Each structure stands twice: as C-alpha cells, then as structure tokens.
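Proteins come first, then strands; the chains are lettered A, B, ... in the order of their sequence lines, and each starts at number 1. Hydrogens, waters and symmetry mates play no part in the numbers below; they use all other heavy atoms, side chains included. Worth saying up front: this structure is predicted, and the values here are computed from it rather than measured.
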Amino acid sequence: MINTAQSPVLPRKFYIRPVLTVAKDLLGKVIVNKMGSNILAGRIIEVEAYDGKVDKASHSYNGKTKRNEVMFNEGGYFYVYFTYGAYFCCNVVTGKQNHGSAVLIRAIEPLLGINKMITNRFGRELKSEKEIYNLTSGPGKVCKAFGFTKVHSGLDLTNRSVFIVNQPRLKKSMIGISKRIGITKSVSLPWRFFEIGNMYLSR
DNA sequence: ATCAAGATTACCT
DNA sequence: GGTAATCTTGATA
C-alpha cells in the first residue's frame, strides 16, 4: 500500500518553505509512526497553519519558551504539545531556522495499523461501523490513535521513526479553505486547509 | 506563589 | 448547539 521506493520520505527541503505552502502541500501525504511495535499510517486530510511572525494565535508569537522551542527549529521537526489537561496535538515545523512556524495536523484518514489505533483511542472494539469516522477526526484524536505524546516532540521527520512519505498533490479543486478552529486570536485568517468531502474530517 | 487561558473532546439537551 | 472536565504552561507578583 505504501511503497517507500515510489513514495520517498519527504526531504528537508519540502519543509523549509513558507508555512502556507507546506500546509496545503501536506494534504494527501501519508504520516507514519514506526516507533511502536505496530506500523501506524494515515493520509493527512486536514491541517492548520500557524506563523509566529504575524499570527497572534501561534504558540511562537511571543517568542521562544520551554514549551515551544521546537517550533524555532528549521523545518522538518515534530512539535507535540499538551493542552486542556488531557490532549496532545502534533505539528510539523516549517520554514527556516528561528522563524517559528508550524502546521497542525487536525485529521487523518487511517491506512495502516487501524486496529492498534482503535485500541489506543477507545481501549475497546468499535461499537458501530460509523464510529471509524470518529477515530482520527481531530488533533487530539490523531495523537491518541498514533500514540504521540511529549516524548515525540523534537523528533526529526527526515529520520525513519516518525516521518511523512510523498504522495501526489491534491487537485486544487479538492482543497477546501476556512478559518481555523478553536482559537480566540487572529480568528479571521483563512489558514485551515482540508480535503473536500473526506469522511474523516473534524467537522 | 498564584492565576487564567487554552491550536479539545465527550456528553448532554 | 452548549458546556464541563482537567492540568500544564506562561505571565505576573
């Protein structure tokens, strides 16, 4: 299903571009977690861009702190943070060193290791067929299903533990654009991007 | 030391 | 559609 010879791991240069470019380009790509005993993989279908240079909603807007320091790496690193006392959210750092921009992964379409994802998320079997669409349809859900936590923050995505493999770009007509969800600052920026019509979207 | 807010989710009506 | 849960983090004193 995922032939890594035909679909190479995305290189550094993919990530060292402006955050809006990378955000749109990430749609349709496949994120893989090989760190556990199971290989988990899913197609990225919903993202949001955060740019600390201009964006008050970004964790990096007010400069470097212990929590957000990974965001100031060059592109291609994994930034995972904890929020609301319960959930982790994972991001792909973009741009040049010290810029402070990242793409939040809000939803994926599960491909490999689906049973493991179900166990991670629910600790039980699915109650119904359609509950599969609740498996990874939100940033906290994605991290729970993939097992991403604080220990994954700072990983280099050009290595082979957690990484993203190339896939064809989505057609422009398949990319939806909207305001970001769940923020209270810089609310009007249209920086959420998603695959139109996908069943695994967060809303 | 204290405090308020938060890139969310599950559960209720 | 509305809201409680829950605790880390960063800011302020």
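- On the nucleic acid side, DNA chain B has its first and last nucleotide under 4.0 Å of a heavy atom of chain A at B:dG6 to B:dA10, going 5' to 3'.
- Residue-level contact check: A:Leu104 touches the bases, meaning some heavy atom is under 4.0 Å from a base atom.
- Linking Ile, Leu, Val, Met, Phe, Trp and Tyr whenever their side-chain heavy atoms come within less than 4.5 Å leaves A:Leu27 and A:Val30 in two separate clusters.
- Across all strands shown, A:Phe82 has heavy atoms under 4.0 Å from sugar-phosphate atoms exclusively, and none from any base.
- Environment of CZ in A:Arg17: crowded, with over 12 heavy atoms of neighbouring residues, nucleotides or ligands closer than 6.0 Å.
- If you check every strand for non-hydrogen atoms under 4.0 Å, A:Arg180 touches nothing.
- For C:dC7, the paired nucleotide is B:dG6, the pair qualifying as Watson-Crick or G-U wobble because both relevant distances are below 3.5 Å.
- Side-chain contact between A:Arg203 and A:Ile181 is present, with at least one heavy-atom pair separated by less than 4.5 Å.
- Hydrophobic clustering keeps A:Phe14 apart from A:Tyr79 (ILVMFWY residues linked when any side-chain heavy atoms are closer than 4.5 Å, directly or through intermediates).
- Nearest approach of A:Thr149 to A:Val80, heavy atoms of both residues: O-CG1, 3.6 Å.
- Partner of A:Ser101 under the side chain to side chain donor-acceptor pair (under 3.5 Å) criterion, chosen from A:Thr94, A:Asp55, A:Asn91: A:Thr94.
- Within residues 137-151 of chain A, the residues approached by DNA chain B to less than 4.0 Å at the level of any non-hydrogen atom are A:Gly138, A:Pro139, A:Gly140, A:Lys141, in residue-number order.
- In this structure, NZ on A:Lys34 lies 5.0 Å from CD1 on A:Ile39, to the nearest 0.5 angstrom.
- A:Ala86 comes within contact range of no nucleotide atom at all, as no heavy-atom separation falls under 4.0 Å.
- For A:Asp51 and A:Lys56, the salt-bridge test fails: no basic side-chain N is under 4.0 Å from an acidic carboxylate O.
- In this structure, A:Asn166 contributes its side chain and A:Pro8 its backbone to no donor-acceptor pair below 3.5 Å.
- Counting any heavy atom pair closer than 4.0 Å across all strands shown, A:Arg121 reaches sugar-phosphate atoms only and no base atom.
- Ring to ring, A:Phe78 and A:Phe148 are close: their centroids are under 6.0 angstrom apart.
- Counting 5' to 3', DNA chain C first comes under 4.0 angstrom of a heavy atom of chain A and last does so at the ends given by C:dT6 to C:dG10.
- A salt bridge links A:Glu131 with A:Arg124: the distance from a Lys NZ or Arg NE/NH1/NH2 to an Asp or Glu carboxylate oxygen falls below 4.0 Å.
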